[in-house]
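Some notes on the structure that comes next.
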Number of protein chains: 2
Amino acid sequence: MNKQSSAIINERQALYEARTKIIKAMAHPTRLFIVEELEKKEKCVNELTEMIGADMSTVSKHLSVLKNAGLIGDRKAGTNIYYYLKTPCILGFLGCVEEVMEFNAAQQTNILRCCKQRDKQPPPM
Amino acid sequence: MNKQSSAIINERQALYEARTKIIKAMAHPTRLFIVEELEKKEKCVNELTEMIGADMSTVSKHLSVLKNAGLIGDRKAGTNIYYYLKTPCILGFLGCVEEVMEFNAAQQTNILRCCKQRDKQPPPM
DNA sequence: TGGCTATTTGGCTATATTGCCAAACATGAA
DNA sequence: TTCATGTTTGGCAATATAGCCAAATAGCCA
């Protein structure tokens with residue numbers, strides 16, 4: 001976004017950016033996996049790294065993105081660092097995502113069935 | 001994500017990627033703005049462009065990202081193309097984001113108050 | 001048809017993200 | 001202290017995003 005001057009969006013720009021930071025933190029397959037795993041139980045980097053199968057430094061960086069967004073927290077236990085989910089509402093968040101996916105899938109099916117009754121309004125596409 | 005071979009995440013990889021596509025579509029200030037505006041009322045590219053103040057081609061591309069993710073739909077009306085929100089649950093989605101923001105803010109406040117009772121230990125929430 | 005308006009596409013540059021490796025830190029144990 | 005384990009950081013190359021301009025399309029209306 002750049003040249004907007006007196007655009008309506010400006011008034012709320014800061015708010016949208018703050019929200020974006022949180023959403024971006026979730027916008028990665030590995031991080032979604034982590035969130036879902038941590039929801040079950042706190043885990044240390046090691047455990048997550050094994051489950052994910054990437055370099056530990058990569059996992060560590062993903063964790064720091066999530067932590068930075070305020071979605072997860074950590075606690076030390078000896079040489080381990082356990083991460084835990086701070087915001088359970090995330091699951092509701094994912095609920096909507098799932099809904100969208102189902103909706104999209106249903107539409108795909110309809111198209112395949114030639115019941116071209118698309119979404120709302122007109123466009124029989 | 002790359003070298004994971006027998007990692008647990010693999011079984012669910014496709015699912016996480018599908019979810020990610022939807023979340024990524026929301027992960028941009030301008031697109032969040034668009035979603036919120038369309039929730040109120042369908043709008044054509046022109047209207048949105050004015051509110052946003054960016055190049056129309058930029059706005060058009062943002063719209064195509066959202067459409068591609070299945071979040072919005074469009075309908076033609078003469079030479080205009082009106083976009084509308086297909087998935088109202090998105091607002092609930094944003095509700096969680098807001099919750100996280102408030103939680104983070106509250107913590108910031110606590111830190112400022114020197115009540116350094118940080119996160120640590122399991123989720124007090 | 002030609003001219004208008006609304007919108008999308010292609011091209012290109014600038015910037016951001018991802019992921020690996022190697023190196024640095026931290027902590028507990030010998 | 002040294003070693004071993006667990007984790008984070010720095011650096012770098014590969015890829016993906018974002019946004020602008022210019023050109024291409026699409027749908028009206030004379």
Residues in salt bridge (Lys or Arg N to Asp or Glu O under 4.0 Å) with Lys41(B), at least two apart?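 None.
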
Sequence-distant partners of Lys61(A), salt bridge (Lys or Arg N to Asp or Glu O under 4.0 Å), two or more places apart: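 Result, salt bridge (Lys or Arg N to Asp or Glu O under 4.0 Å) vs Lys61(A): none returned.
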
Please list, for nucleotides 28-30 of chain C, all pairs of protein and nucleotide N/O atoms separated by less than 3.5 Å.
none

Does the side chain of [X] get closer than 4.0 angstrom to OP1 or OP2 of [N] through an N or O atom?
| X | N | result |
| --- | --- | --- |
| Asn80(A) | dT7(D) | yes |
| Asn46(A) | dT5(D) | no |
| Lys76(B) | dA26(D) | no |
| Tyr83(A) | dG6(D) | no |

Taking the inter-plane angle between the rings of His28(B) and His62(B) on a 0 to 90° scale, is it parallel (under 30°), tilted (30 to 60°) or perpendicular (over 60°)?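 Answer is tilted, since the angle falls between 30° and 60°.
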
Sequence neighbours excluded, the answer for side chain to side chain donor-acceptor pair (under 3.5 Å) partners of Glu99(A) is none

Could you list the residues that satisfy side chain to side chain donor-acceptor pair (under 3.5 Å) with Thr49(B), not counting sequence neighbours? none

Got a sec, which residues hit ring-ring contact (aromatic ring centres under 6.0 Å, His included) with Tyr83(A), two or more places apart in sequence or on another chain? none

Starting at [atom1] of [X] and ending at [atom2] of [N], how long is that distance when rounded to a whole Å?
| X | N | atom1 | atom2 | answer |
| --- | --- | --- | --- | --- |
| Met26(B) | dA18(D) | CE | P | 14 Å |
| Ile23(B) | dT17(D) | CD1 | P | 14 Å |
| Tyr16(A) | dA18(D) | OH | C1' | 19 Å |
| Leu48(B) | dT8(C) | CG | C1' | 15 Å |
| His62(A) | dT8(D) | NE2 | P | 13 Å |
| Asp74(A) | dT27(C) | CG | P | 13 Å |
| Tyr82(B) | dT7(C) | OH | C1' | 13 Å |
| Arg75(B) | dA6(C) | CZ | P | 16 Å |

pair_partner(dA13(D)), Watson-Crick or wobble, both distances < 3.5 Å, evaluates to dT18(C)

Polar atoms only, N or O, under 3.5 Å: list the protein pairs with nucleotides 9-16 of chain D and their distances.
residue	atom	partner	partner atom	Å
dG10(D)	O6	Lys61(A)	NZ	3.0
dG11(D)	O6	Lys61(A)	NZ	2.7

Pairwise 5' ranking along DNA chain D for Leu63(A) and Ala27(B), keeping only the more 5' one: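 Comparing both residues, the 5'-ward one is Leu63(A).
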
So, the side chain of Glu17(A) versus the backbone of Ala14(A): is there a donor-acceptor pair under 3.5 Å, distance only? no

Which residue pairs satisfy the salt bridge (Lys or Arg N to Asp or Glu O under 4.0 Å) criterion with at least one member in residues 19-28 of chain B, sequence neighbours excluded? Glu36(A)-Arg19(B), Glu98(A)-Arg19(B)

Show every disulfide bond (SG atoms under 2.5 Å apart) that has at least one partner inside residues 67-106 of chain B, sequence neighbours left out.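 Non-adjacent pairs meeting disulfide bond (SG atoms under 2.5 Å apart): Cys89(A)-Cys96(B), Cys96(A)-Cys89(B).
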
